[in-house]
**Q** 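Pasting a structure here, questions to come.
Counting starts at 1 for both ligands and their atoms, in listed order.
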Amino acid sequence: MEHSRTAVDPQALLITVAPTGAETAKADFPQLPTTLEELVRTAQECEAAGAGMIHVHIRDDDHLPTLDLGRLTDTVQALREGTDLVVQLSTGGSVHDPLEDRLKVLDAQPDSCSLTMGTTNFGDDVFSNPWPFVCDLYQLSQERRVVPEFELFDLGQVAALHRLLDRYGLPYGGSVHCDLVMGVPGGMPGTADALVAAVAALPEQVTSWSATGIGRTTLPVALAALSKGGHLRVGMEDVLTIRKGEPVESNRQLVERAVALGEIAQKRPMTPAETRSLLGIAN
Ligand code: KMH
Ligand code: ZN
């Protein structure tokens with residue numbers, strides 16, 4: 001196993017695509033990739049457009065969110081065969097998924113997994129991440145050699161990340177990569193001010209971070225992240241309109257917009273190989 005985080009070009013911008021999520025119904029948004037074929041095609045398009053990593057939620061035959069281990073394993077394999085993208089499985093799942101099923105996601109052996117640092121009101125629902133669960137999932141990721149991406153929905157979760165790293169040490173691979181998920185009703189707002197506060201509070205062990213703004217906060221958060229030297233997450237998990245009243249046609253369209261924003265900031269898309277290096281993922 002070879003890990004190297006050396007010499008990641010500071011002009012390289014990691015674009016993570018989150019193409020599906022667990023919240024939007026296929027019937028309401030037919031362009032949402034929910035089948036394995038649609039997911040792989042989307043992943044290939046997004047990689048060609050400039051994405052380096054994919055954050056994956058999967059659906060069942062009825063297009064409903066599932067954490068079925070066989071499907072997750074097949075999905076990881078299909079994405080590895082069809083793309084070079086870093087494959088990150090969501091351990092957040094949907095708000096209805098039991099904690100024990102969310103731990104089992106690591107059995108599918110992804111490169112990376114999301115790891116949310118605390119419980120959040122999530123619209124009218126609750127996204128449950130009790131501290132003992134966070135600790136169990138983190139230790140499991142270390143044991144299974146899966147690189148976590150810490151999802152931070154509010155400032156309290158940034159403080160929880162300090163606590164976790166102090167207690168259990170660095171993740172597998174040695175990098176600490178976070179994603180600020182902003183603008184969830186119940187979490188921190190998707191504003192430049194909130195982003196600056198969250199970035200200022202990140203633990204010193206953090207080696208890279210990205211941000212995503214939900215819904216109408218997508219552009220303010222992306223612009224603020226670029227201003228502060230962060231990376232970007234985009235995709236239909238987080239936003240369904242490309243501008244007011246105009247539905248997103250494809251995830252590629254969102255990746256292309258992120259690339260264009262990056263170009264204005266004189267950045268170029270980070271390749272999947274560079275993304276592996278950034279995150280300390282074995283080649
Ligand atoms: N679907 C949300 C309840 C993650 O992927 O880790 C949780 C979520 C976070 O999307
Ligand atoms: Zn997710």
Side-chain angles (χ1 to χ4, degrees), residues 15-26 28-29 32-34 39 42-43 46 51 53-60 63-67 71-72 75-76 79 85-106 108 110-130 133-134 136-138 140-141 146-154 157 160-161 164 171 177-188 190 209-215 217-218 221 232-240 251 254 279:
I15 299 169
T16 299
V17 64
T20 309
E23 283 69 42
T24 300
K26 179 80 164 176
D28 295 339
F29 213 76
L32 191 77
T34 52
L39 182 66
T42 294
C46 291
M53 174 153 73
I54 185 164
H55 168 83
V56 180
H57 291 252
I58 62 164
R59 303 291 177 101
D60 65 14
H63 309 281
L64 297 172
T66 177
L67 292 180
R71 277 181 186 261
L72 284 170
T75 301
V76 170
L79 288 169
L85 293 170
V86 172
V87 179
Q88 178 184 92
L89 289 182
S90 167
T91 64
S94 90
V95 290
H96 308 294
D97 286 320
L99 300 181
E100 57 271 23
D101 292 358
R102 290 168 51 195
L103 287 171
K104 288 194 193 119
V105 167
L106 296 198
D111 301 313
S112 173
C113 66
S114 58
L115 199 171
T116 296
M117 286 308 304
T119 295
T120 307
N121 280 320
F122 198 84
D124 294 340
D125 296 305
V126 175
F127 178 30
S128 184
N129 296 283
F133 169 74
V134 170
D136 287 350
L137 180 54
Y138 186 49
L140 194 61
S141 74
V146 177
V147 172
E149 173 183 278
F150 300 101
E151 311 295 336
L152 305 169
F153 287 71
D154 70 30
Q157 294 181 14
L161 180 58
L164 190 78
H177 179 70
C178 305
D179 181 47
L180 304 172
V181 186
M182 309 183 69
V184 169
M188 64 183 148
W209 59 272
S210 61
T212 186
I214 304 302
T217 73
T218 187
V221 167
L232 302 180
R233 181 176 112 170
V234 298
M236 290 188 201
E237 173 165 348
D238 300 337
V239 64
L240 296 172
N251 282 286
L254 292 168
L279 302 181

**Q** How would you list, by chain and number, every residue that makes a ring-ring contact (aromatic ring centres under 6.0 Å, His included) with H55, sequence neighbours excluded?
**A** H57
**Q** Using a 4.5 Å cut-off on heavy atoms from C-beta on, say whether the side chain of C178 contacts that of L161.
**A**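 They are in side-chain contact.
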**Q** Any side-chain heavy-atom pair from L180 and M188 closer than 4.5 angstrom?
**A**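 A side-chain contact exists here, since the closest heavy-atom pair is under 4.5 Å.
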**Q** What do you reckon, does A18 put a non-hydrogen atom under 4.0 Å from ligand 1?
**A**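 The answer is no, since A18 has no heavy atom less than 4.0 Å from ligand 1.
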**Q** Hey, does G93 come in under 3.5 Å of ligand 1, counting only N/O atoms on both sides?
**A**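 Among all N and O atoms of G93, at least one is under 3.5 Å from an N or O of ligand 1.
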**Q** Can you see which heavy atom on P148 is nearest to which on Y138, and at what distance?
**A**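 That closest heavy-atom pairing would be CG-CE1, 4.0 Å.
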**Q** Going by heavy atoms in the side chains, are I54 and V86 under 4.5 Å from each other?
**A** no
**Q** Can you tell me the protein heavy atom closest to atom 10 (O) of ligand 1 and the distance?
**A** E237 OE2, 2.9 Å
**Q** When you compare the side chain of F150 with that of P171, does any pair of heavy atoms fall below 4.5 Å?
**A** yes
**Q** If I apply the N/O under 3.5 Å rule, does E151 come out as touching ligand 1?
**A**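 Such a contact does not occur with ligand 1.
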**Q** Strictly under 2.8 Å, is any N, O or S atom of E151 next to the Zn ion (ligand 2)?
**A** no
**Q** Given side-chain contact (heavy atoms from CB on, under 4.5 Å), test Q88 with H177 step by step and report yes or no.
**A** CA-CA 12 Å; Q88 178 184 92; H177 179 70; 5.6 Å; no
**Q** Whether the T116 and N129 side chains hold a donor-acceptor pair (N or O, under 3.5 Å, no angle test) is what I'd like checked.
**A** no
**Q** Using a strict 4.0 Å cut-off to heavy atoms of E23, name the atoms of ligand 1 that fall inside it.
**A**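 Close to E23: 1 (N), 2 (C), 3 (C).
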**Q** Please could you name the atoms of ligand 1 that G92 approaches to less than 4.0 Å, counting only its heavy atoms?
**A**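 In order of number, 4 (C), 6 (O).
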**Q** What residue and heavy atom of the protein are closest to atom 7 (C) of ligand 1, and at what distance?
**A**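 For atom 7 (C) of ligand 1, the nearest protein heavy atom is F127 CZ, 3.4 Å.
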**Q** Which atoms of ligand 1 have any heavy atom of S114 under 4.0 Å away?
**A**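 In order of numbering, the contacting atoms are 4 (C), 5 (O), 6 (O).
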**Q** At the Zn ion (ligand 2), what angle lies between atom OE2 of E237 and atom NE2 of H57, rounded to 10 degrees?
**A**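 About 100°, to the nearest ten degrees.
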**Q** For S94, is at least one N or O under 3.5 Å away from an N or O on ligand 1?
**A** no
**Q** Look only at interatomic distance and state if T91 has a nitrogen or oxygen under 3.5 Å from any nitrogen or oxygen of ligand 1.
**A** no
**Q** Please tell me whether Q157 and T120 have a donor and an acceptor in their side chains that are separated by less than 3.5 angstrom.
**A** yes
**Q** Considering only protein heavy atoms, which is closest to atom 5 (O) of ligand 1, and at what distance to one decimal place?
**A**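 Sorting protein heavy atoms by distance from atom 5 (O) of ligand 1 puts S90 OG, 2.6 Å first.
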